[in-house]
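These notes concern the structure reproduced below.
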Amino acid sequence: MEKKYYVTTPIYYPSDNLHIGHTYCTVAADALKRYKKLQGYDVRMITGTDEHGQKIQEAAEAAGLEPKAYVDKIVEETKALWASMEIDYDRFIRTTDKDHEKNVQDLFTKLYDQGDIYKGEYEGYYCTPCESFWSESQLLEGHLCPDCGRETYLSKEESYFFRLSQYQDALIQYYEDHPEFLQPDFRKKEMINSFLKEGLEDLSVTRSSFDWGVPVPFDRDHVVYVWIDALACYLTAAGLGNEEVSFEDFWPADVHLVGKEIVRFHAIIWPALLMALDLPLPKEIFGHGWILFENDKMSKSKGNVIYPEPIIDLYGVDALKYFLLREFAFGHDGSFSSKSFLTRLNSDLANDLGNLLSRTVSMLGKYNEGKIPQAGDRLEVDKDLENLATSTWERVEEAMEGYQFSKALEAIWKLVSRTNKYVDETEPWVLAKDPDPTRLYTVLYHLAESLRIISVLLTPFLPHTAKEIRSQLGLGDQVALEEAKNWGLLEVGGQTEKKGIIFPRLDVEAELEKLRDKNQALFEARQAAKQGAKIETKEEITIDDFDKMDIRVAKILKVEDHPNADRLYVLTIKVGPEERVICSSIKEDYKPEDLVGKKILVLVNLKPAKMRGVLSQGMLLAAETEDGRLSLASTLEDIDDNAKIS
Ligand code: MSP
């Protein structure tokens with residue numbers, strides 16, 4: 001029977017157009033799938049969308065659509081992207097799929113019936129803008145949100161809870177017994193020390209404040225909260241409750257590839273849930289790093305999002321896959337730069353690989369009518385190449401065991417470079433002058449054979465390129481890893497064919513501009529497409545309500561760190577004749593020297609409140625972006641402080 005292998009990516013929130021950071025994990029999972037197939041496994045790879053929850057419900061309302069219609073549209077776009085990237089998934093699972101919703105309800109009921117889920121009350125201080133609950137001890141003085149410094153209110157919500165706390169010891173034990181369970185090692189240490197050993201609290205697993213979710217079957221006031229719903233996708237997509245795929249064949253998963261910020265859900269909540277369900281745990285979880293842009297988080301509001309589509313359009317999908325997998329070490333963060341992308345494209349793909357293929361096939365054409373010649377006796381230099389070529393798979397395999405895609409490609413490129421060096425060392429154009437062609441033929445055979453092995457090893461990572469190399473060598477697409485272990489598989493007399501250049505050399509500066517323009521145009525088009533959507537506002541107010549607010553222009557005189565709160569500044573401001581002190585959580589967004597002397601808007605009749613021991617007399621007005629960045633509000637022209645806003 002074929003060996004089975006099951007790899008998953010996270011399921012994506014359908015809230016936005018995906019950027020290259022999002023494609024990272026999917027590209028890696030795709031390469032892993034293709035690699036395991038090459039090894040002879042029957043592989044199942046899944047990806048999908050995480051469609052429930054309050055944010056989606058609100059986004060749909062804002063777009064004037066029903067939630068399902070809203071997500072359907074995004075799912076189509078996501079699938080189109082994966083198709084253009086040739087991501088070879090076996091199921092695109094949606095949390096709204098009927099078989100999945102049924103599984104969630106069945107699992108939830110089972111956990112409830114056996115006492116792992118119980119009904120309780122979720123009580124906390126709720127900060128509406130941050131959508132977060134806080135305990136009293138976490139709040140700033142005056143019941144203010146510790147994240148944004150704004151007012152919170154006490155909220156009680158009936159909720160079902162999963163007895164996560166009861167699995168703490170079993171989880172610690174599991175980690176001890178299975179050192180490979182969570183990788184890389186530093187993520188495991190972080191999980192154990194920061195969460196497991198700190199103590200686990202029971203987890204609220206339903207919500208009753210919105211209804212876009214899987215209903216709790218025995219209590220229709222509640223929907224299952226996103227994480228149980230989302231994680232259970234891995235089971236549904238493995239075939240649970242589905243007759244077409246055998247769940248037993250694919251569960252437990254061999255590996256869940258996940259981004260670093262969701263490791264906690266996968267490495268603590270997920271195994272505890274599976275223990276409670278009496279199901280085997282996934283064999284491994286790998287937490288990969290993030291792709292940043294110039295060391296900063298990519299976000300639409302910062303305008304620094306890099307989309308995959310322009311890169312694919314201009315340079316092909318293999319170029320993007322190569323860069324993502326080669327440039328970044330999978331466990332760590334990395335910074336995307338178009339310049340390094342284009343430079344690598346030139347050096348590794350055009351110069352090293354492209355050139356090797358083109359010169360090899362050209363020489364075969366020129367010196368042997370494009371036919372694979374018979375090799376004669378081998379010299380040391382030939383054996384050296386042969387040894388490296390037939391052993392490179394070992395380094396690729398070792399790297400892939402640890403999900404080190406970059407190391408795997410590095411090993412393949414060592415062979416590419418060695419083969420290029422072999423051309424320089426053997427100088428076939430000089431050999432061609434010898435009336436006895438034996439030595440020339442031996443060299444040409446070695447070049448073609450080395451390229452054949454390279455094409456096998458490249459298949460999982462650059463499927464297009466591998467096919468192209470094989471086609472020029474006169475070989476078919478079907479490959480197995482075994483073929484990279486043995487020398488001499490190219491048949492003498494086989495017909496090769498020189499076709500186009502696989503990666504043309506680029507003018508980096510000119511391409512930089514082209515790429516930037518294309519990305520920017522797409523960004524603007526996508527923003528414009530959203531303009532048609534309506535925004536959701538708070539309850540309507542009258543002009544009298546507004547008049548109650550006294551907002552004035554104020555000048556910042558001094559900015560100091562708050563003595564007791566890391567996130568806050570204490571600002572001294574001048575409003576006409578008066579000086580006041582205001583505490584504000586803008587520390588992450590502004591340095592003191594950016595603020596002193598600036599004119600800003602302040603709500604001056606807000607009831608003074610103590611914030612961690614300092615009396616704050618008013619509130620600065622600031623705009624907040626989706627990802628929590630603050631920008632202080634001011635007037636268009638420089639205007640005297642104390643001017644009133646009306
Ligand atoms: N829906 C949850 C996952 C549930 S899995 C049962 C979720 N979705 S997400 O859309 O926010 O993120 C999906 C994946 O994209 C995460 O693994 C996240 O780490 C990854 N990435 C988002 N931005 C990224 C980068 N800039 N770089 C690399 N991966 C990043 O979380």
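Treat the numbers as computed from the prediction; the structure is a model and nothing was measured. Note that ligands are numbered from 1 as they come in the structure, with each ligand's atoms numbered from 1 the same way.
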> Should you measure from each heavy atom of His288, which atoms of ligand 1 turn up under 4.0 Å away?
Replying inline: 28 (C), 29 (N)
>> Any carboxylate oxygen within less than 4.0 angstrom of a Lys/Arg side-chain nitrogen, looking at Arg629 and Glu624?
In response: no
>> Tell me the protein heavy atom at minimum distance from atom 3 (C) of ligand 1, and give that distance in Å.
In response: Ile11 O, 3.2 Å
>> Using the rule given for side-chain hydrogen bond (donor to acceptor under 3.5 Å, both in side chains), can you reason through Asp202 versus Tyr118, listing the C-alpha separation, both sets of side-chain angles and the distance that settles it, and then say yes or no?
In response: CA-CA 10 Å; Asp202 289 353; Tyr118 63 93; 2.7 Å; yes
> Are Lys297 and Asp333 within salt-bridge range, i.e. N to O under 4.0 Å?
Replying inline: no
> Salt bridge or not for Glu101 and Lys98, using N-O below 4.0 Å?
Replying inline: yes
> Can Asp211 and Arg220 be counted as an ion pair, charged N to O under 4.0 angstrom?
Replying inline: no
>> I need the atoms of ligand 1 closer than 4.0 Å to a non-hydrogen atom of Gly259, numbered in the order shown.
In response: 17 (O), 19 (O)
> Short list, please: which atoms of ligand 1 are under 4.0 Å from a heavy atom of Ala230?
Replying inline: 6 (C)
>> Any nitrogen or oxygen of Trp227 lying under 3.5 Å from a nitrogen or oxygen in ligand 1? Just yes or no.
In response: no
> When you measure from the centre of the six-membered ring of Phe195, is the NZ or CZ of Arg264 under 6.0 Å away and within 45° of the axis?
Replying inline: yes
> Are Asp42 and Lys4 close enough for a salt bridge, meaning some N to O gap below 4.0 Å?
Replying inline: yes
> What residue and heavy atom of the protein are closest to atom 14 (C) of ligand 1, and at what distance?
Replying inline: Tyr12 CE2, 3.7 Å
> Quick one: which ligand 1 atoms are inside 4.0 Å of a heavy atom on His22?
Replying inline: 15 (O), 22 (C)
> With a 4.0 Å cut-off on heavy atoms, does His19 reach ligand 1?
Replying inline: yes
>> Could you identify the single nearest non-hydrogen protein atom to atom 26 (N) of ligand 1 and state the distance to 0.1 Å?
In response: Ile291 O, 2.9 Å
> Which protein heavy atom lies closest to atom 29 (N) of ligand 1, and at what distance to 0.1 Å?
Replying inline: Gly21 O, 3.2 Å
> For Lys514, does the NZ atom have more than 12 heavy-atom neighbours from other residues, nucleotides or ligands under 6.0 Å away?
Replying inline: no
>> Out of all atoms in ligand 1, which are within 4.0 Å of some heavy atom of Asp50? Include the element for each.
In response: 1 (N), 2 (C), 4 (C)
> For atom 8 (N) of ligand 1, what is the nearest protein heavy atom, given as residue, atom name and distance?
Replying inline: Tyr13 CD1, 3.3 Å
> Any Lys/Arg nitrogen of Arg44 or Asp90 sitting under 4.0 Å from an Asp/Glu carboxylate oxygen of the other?
Replying inline: no
>> Need the ligand 1 atom indices (1-based, order shown) with element for anything under 4.0 Å from a heavy-atom of Gly289.
In response: 28 (C)
>> Please list, in number order, the atoms of ligand 1 under 4.0 Å from a heavy atom of Glu261.
In response: 16 (C), 18 (C), 19 (O)
> Is Asp106 paired with Lys110 through a side-chain N to carboxylate O contact shorter than 4.0 Å?
Replying inline: no
> Protein heavy atoms: any of them under 4.0 Å from atom 20 (C) of ligand 1?
Replying inline: no
> Going by the atom numbers of ligand 1, which of them fall below 4.0 Å from some non-hydrogen atom of Tyr234?
Replying inline: 5 (S), 6 (C)
